[in-house]
2 protein chains.
Amino acid sequence: MSSTRRIGAEDSESRAALLDAAERLILTDGYAAVTSRKVAAEAGLKPQLVHYYFRTMDELFVELFRRRAEDGLVRQAQVLESPRPLRALWEFSNQPTGSAFAMEFAALANHRKDIRAEIGRFAEALRAQQLEIMTEVFERYAVDVTSYPAVTLLVLMTSVSRLLVMEERLGMSTGHAETRALVERLIDQFEPS
Amino acid sequence: MSSTRRIGAEDSESRAALLDAAERLILTDGYAAVTSRKVAAEAGLKPQLVHYYFRTMDELFVELFRRRAEDGLVRQAQVLESPRPLRALWEFSNQPTGSAFAMEFAALANHRKDIRAEIGRFAEALRAQQLEIMTEVFERYAVDVTSYPAVTLLVLMTSVSRLLVMEERLGMSTGHAETRALVERLIDQFEPS
DNA sequence: GTCTATACTTCGATAGAC
DNA sequence: GTCTATCGAAGTATAGAC
């Protein structure tokens with residue numbers, strides 16, 4: 001089954017350059033543009049090197065995702081420790097690169113089973129971390145959690161920021177300003193600016 | 001510039017079969033699986049036929065999108081004429097195939113400029129149609145549109161249904177039931193079930 | 001440990017046969 | 001009007017040279 005082919009060291013410069021190149025490509029041109037040849041060209045290296053450092057393209061994708069995911073967990077933890085966690089989370093969710101990255105991987109996962117599991121697991125971990133902090137925050141703000149559970153706010157904020165980013169990439173704008181304003185007003189109730 | 005190659009008739013059976021096959025493929029395996037060879041195999045035809053009926057693969061994608069888009073506009077118009085338009089729109093937005101289709105094309109548009117324009121234009125038309133009806137409905141229900149403009153409800157409902165479908169495909173579920181319940185309660189305020 | 005020569009597969013597209 | 005033979009480019013992956 002598993003090939004005996006040798007694989008390059010994890011701390012190699014070329015390996016890091018390939019991952020960086022793949023990350024740029026997936027953000028600008030989408031995951032379908034992440035081919036061994038294009039990644040190598042973007043990194044200024046030979047195409048065969050991709051398969052020296054990564055057994056398969058799926059392996060490269062998983063590595064790419066893990067790198068970002070771990071970084072995301074750390075940065076989100078910092079964000080949620082801020083004095084205005086609701087506002088901080090909203091601003092964090094609205095970063096275009098984060099949303100774009102999440103969407104590309106969701107689309108990718110759709111037809112690569114090995115990657116799907118990896119992504120689903122991480123996304124749940126991310127939400128669990130958010131939920132832990134948000135539950136505490138809701139308690140502090142004395143929110144009626146029977147009517148408005150903390151987790152619903154998370155889903156709502158993620159939903160809205162994700163859709164707005166996606167639509168803006170398509171050149172859409174109808175209702176965006178109004179919806180952003182609504183969310184800001186909602187946050188203002190708990191965390192006046 | 002433009003090739004002199006001949007193109008098959010628009011009402012050809014083979015052409016329709018190819019479009020149907022492409023639609024099945026994009027829904028099950030994602031847009032990256034929509035290649036000339038796979039489409040032909042799925043339709044039980046020779047791969048070269050794809051390029052007889054469609055100059056390029058992009059042209060096939062645009063045709064595929066238009067066909068669904070026009071159908072979507074018609075069906076949405078019917079939905080919004082129902083006695084409970086809010087509820088009807090929510091149920092309409094929650095159909096998994098519609099969301100899946102929208103997501104695949106959003107991802108596709110990300111790295112095919114010709115397709116992006118086509119999709120953006122249609123999506124705005126869809127929202128404009130929703131907005132027209134929703135504005136009327138909000139007036140009927142005497143909603144305070146200064147605080148809650150009709151368009152924000154549209155964006156919110158679309159956001160949530162889209163994210164839930166996407167996450168479910170990744171095997172996620174945290175917060176889904178709670179969020180659905182919240183939306184249902186909100187709709188119940190205006191349209192008791 | 002690092003990289004290259006090379007094989008094999010699939011892709012989009014065209015010109016020309018029926 | 002409908003379909004097929006065929007090409008050149010691009011894709012993944014491996015075995016072997018440095």
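Naming convention: chains lettered A, B, ... in sequence-line order (proteins, then strands); numbering from 1 in each chain. The shown structure was predicted, so the numbers you read here are calculated from the model rather than taken from an experiment.
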- Starting at CG of Leu25(B) and ending at C1' of dC11(C), how long is that distance when rounded to a whole Å? 15 Å
- Message: Measure CE/Met57(B) against P/dA9(D) and give the value in whole Å, please.
- Response: 20 Å
- Query: What integer distance in Å separates Arg112(B):CZ from dC11(C):C1'?
  - Reply: 11 Å
- Test item: side-chain donor near acceptor, Glu191(A) and Tyr141(A), under 3.5 Å: yes
- Message: With a 3.5 Å distance limit and no angle check, can you tell me whether Glu104(B) reaches the backbone of Gly30(B) through a side-chain donor-acceptor pair?
- Response: no
- Message: Please determine whether a side-chain nitrogen of the Lys or Arg among Asp29(B) and Arg24(B) lies less than 4.0 Å from a carboxylate oxygen of the Asp or Glu.
- Response: no
- Task: Run the ring-centre check on Phe105(A) versus Tyr31(A) and record whether the distance is less than 6.0 Å.
- Result: no
- Message: Tell me whether the side-chain N/O atoms of Thr35(A) come closer than 4.0 Å to OP1 or OP2 in dG11(D).
- Response: yes
- Message: What is the distance, to the nearest angstrom, from the CZ atom on Arg5(B) to the P atom on dG12(C)?
- Response: 13 Å
- Task: Determine, for nucleotides 1-8 of chain D in 5'-to-3' order, which nucleotides have protein heavy atoms under 4.0 Å from the base (write B), from only the sugar-phosphate (write S), or from neither (write -).
- Result: BBBBBB--
- Message: Is a donor from one side chain sitting under 3.5 angstrom from an acceptor on the other, for Glu124(B) and Thr174(A)?
- Response: yes
- Heavy atoms under 4.0 Å, any strand shown: does Ser36(B) hit a base, just sugar-phosphate, or nothing? base
- Is Arg68(B) salt-bridged to Glu63(B), going by a charged N under 4.0 Å from an acidic O? no
